[in-house]
Amino acid sequence: MPELPEVETVRSGLAGLITGRTILAVRVLHPRPVRRHVPGPSDFESVLLGRTFHEPRRRGKFLWLPLDDGDAIVAHLGMSGQFRSDSPETPLQANTRVVWDLDDGRQLRFVDQRMFGGVWLSPGGADLPAEVTHIALDPFDAGFDPVAVAHGIVRRHAGIKRLILDQTIVSGIGNIYADESLWRARLHYDTPSSDLTVRKVAGLLRQAREVMADSLSSGGTSFDKLYVDVNGESGYHERSLDVYGRAGLPCRRCGHLIVREAFANRSSYRCPFCQRRPGTIVRP
DNA sequence: CTGTGGTCCTGTATGC
DNA sequence: TGCATACAGGACCACA
C-alpha cells in the first residue's frame, strides 16, 4: 500500500544507493513488471547497459530514476513493489522481478508480489517523463496550491474521497491517507464536493499534507512485509493511524466505534459521529 | 468532458 | 482437512 510517504522513503533511500552508479547488467525475471516498456523485456535488459543514474525523483506515487543521457527509468510500486539493495551473494527474495548489477558490486532489485507495479524506460524523461505529465502536483511540491486545487474540486460533482484519490487532481493520496485526512477534517467520504466550501476543501488538503508528513517522519506506514524500505525495514506509523483499519475500535476523539464500509471497490473507515453521512440530522 | 465500475495480480485469511 | 471465496488496492480503460 505504498502512498506518497512510502514512495518518498524509497526515493530517498535509493538516492544514497544508486546516484552516480553505472549499470553493468540487467536481468528481467518476469515480463509483466516491464509491460510498459514497449520494446519488450530483452530490450530493457540491453538498452540500459553503461548508463549512470542521477538522483531519483518523485511526483505523487510515481518515481523516476534519471540517467546521465537525459532518459529515465520510470518506476511505480503499485500495491506491493519494493526496491532492495543487496549483495549479489544474497539469495533472491521471492517475487524478485528485475535485477540491476551496479558498478559498486551491489545489486538493485525490484521485487513485486502482485505485479501491479512496474519499471520502464522513458526516452528524454529525466526532467519529467511523458508518462507522469498527467499526474497532478502532490501536496509536498513547492508549487502545490491548496486553494487552487480546492476551487477545482468544488466545481466537480462526486464524493469528496473519489476526488482526492484522483491522481490528476492531487497526487500521492491513496486509500489510507484519504481516510486519515477525512477523519482529521471531520468529513464523510461521500460528501458531494459541490456542497463543500473552498475553505473546507483547502483545509482537507492541508490535513492530507500533515498526515503524510507525520508518516514520512517515521518511515512510512506498513502492516506487513508488502511495504519495506530499501533495506527491508518496515515503518511503524500504523500505530498512529486514527481510523484506517480500526473498525470496532473507539474513535480517538469521541469514543464512538469506527465503522468500515465498502466504497468504490475498496474499504472506507470513518467515525459514525465525527464524520456523519451528509444530510444526516442528529438530535441533541 | 465527467462520473462510474471493472480489471489486472498473488498471497493470506476466512468460511463451509 | 480441503477446497472455495473474499480481500488487499493503484492505475488505467471502457462505457454511459
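Proteins get letters first, then strands, A, B, ... in listed order; numbering begins at 1 in each. All values below come from the heavy atoms of this structure, side chains included, with hydrogens, waters and symmetry mates left out.
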Answer yes or no: does a side-chain N or O of R156(A) lie under 4.0 Å from OP1 or OP2 of dT4(B)? no
When you measure from the side-chain N and O atoms of R266(A) to the phosphate of dG10(C), is any distance below 4.0 Å, counting only OP1 and OP2? yes
Stacking between dA11(C) and F116(A), yes or no? Criterion: centroid separation under 5.5 angstrom, plane angle under 30 degrees. no
NZ of K161(A) versus P of dG3(B): gap in Å, rounded? 18 Å
In this structure, which one of H37(A), E131(A), R36(A) forms a side-chain hydrogen bond (donor to acceptor under 3.5 Å, both in side chains) with S122(A)? E131(A)
Write down the distance between CG (L4(A)) and P (dA11(C)), rounded to a whole number of angstrom. 11 Å
With side chain to side chain contact (heavy atoms under 4.5 Å, CB included) as the test, pick out the partner of W183(A) among L241(A), V211(A), V243(A). V243(A)
Distances under 3.5 Å between protein N/O atoms and the N/O atoms of nucleotides 12-16 of chain C, please, pair by pair.
residue: dC12(C); atom: OP1; partner: R36(A); partner atom: NH1; Å: 2.8
residue: dC12(C); atom: OP2; partner: H134(A); partner atom: NE2; Å: 3.1

Polar atoms only, N or O, under 3.5 Å: list the protein pairs with nucleotides 10-13 of chain B and their distances.
residue: dG11(B); atom: O4'; partner: Q113(A); partner atom: OE1; Å: 3.1

Could you tell me whether R260(A) contacts a base, only the sugar-phosphate backbone, or nothing, with contacts defined as non-hydrogen atoms closer than 4.0 Å? sugar-phosphate
Could you walk me through whether W100(A) and R27(A) pass side chain to side chain contact (heavy atoms under 4.5 Å, CB included), step by step? CA-CA 7 Å; W100(A) 292 261; R27(A) 273 183 295 154; over 6 Å; no
Backbone N or O of Q93(A) within a donor-acceptor pair of the R84(A) side chain at under 3.5 Å? no
Taking CZ from R155(A) and P from dG3(B), how many angstroms apart are they, rounded to a whole number? 12 Å
Classify the side-chain pair T168(A)/H134(A) by whether it contains a donor and acceptor separated by less than 3.5 Å. no
Does R58(A) pair with D138(A) as a salt bridge, N-O distance under 4.0 Å? yes
To the nearest Å, give me how far apart CG (L77(A)) and P (dA11(C)) are. 10 Å
For the side chain of R162(A), counting heavy atoms from C-beta on, which of dG5(B), dC7(C), dG10(C) is nearest? dG5(B)
Taking atom C1' of dC8(B) as reference, at what distance in whole Å does atom CG of D112(A) sit? 12 Å
Is any side-chain heavy atom of K200(A) closer than 4.5 Å to a side-chain heavy atom of I160(A)? no
Distance check needed: dT2(B) P versus L165(A) CG, whole Å only. 18 Å
Could you check whether S193(A) and R156(A), counting side-chain N and O atoms only, form a donor-acceptor pair closer than 3.5 Å? no
Calculate the interatomic distance between E261(A) atom CD and dC7(C) atom C1'; express it in whole Å. 17 Å
Are H157(A) and dG3(B) close enough that a side-chain N or O sits under 4.0 Å from OP1 or OP2? no
With rounding to the nearest 0.5 angstrom, report the OG1 to CD distance, T19(A) to E55(A). 5.0 Å
Proximity to the side chain of S267(A) - top-ranked nucleotide from dA8(C), dG10(C), dT4(B): dA8(C)
Any side-chain donor-acceptor pair under 3.5 Å between Y189(A) and E261(A)? yes
Measure CD1/I160(A) against C1'/dG3(B) and give the value in whole Å, please. 15 Å
Dot-bracket for DNA chain B, 5' to 3', Watson-Crick and G-U pairs with both distances under 3.5 Å, [ ] for crossing pairs, | for partner on another strand, reads .|||||||||||||||
Flag for Q107(A)-D101(A): side-chain donor and acceptor within less than 3.5 Å: yes
Keeping D68(A) on the side-chain end and R51(A) on the backbone end, is there a donor-acceptor pair under 3.5 Å? no
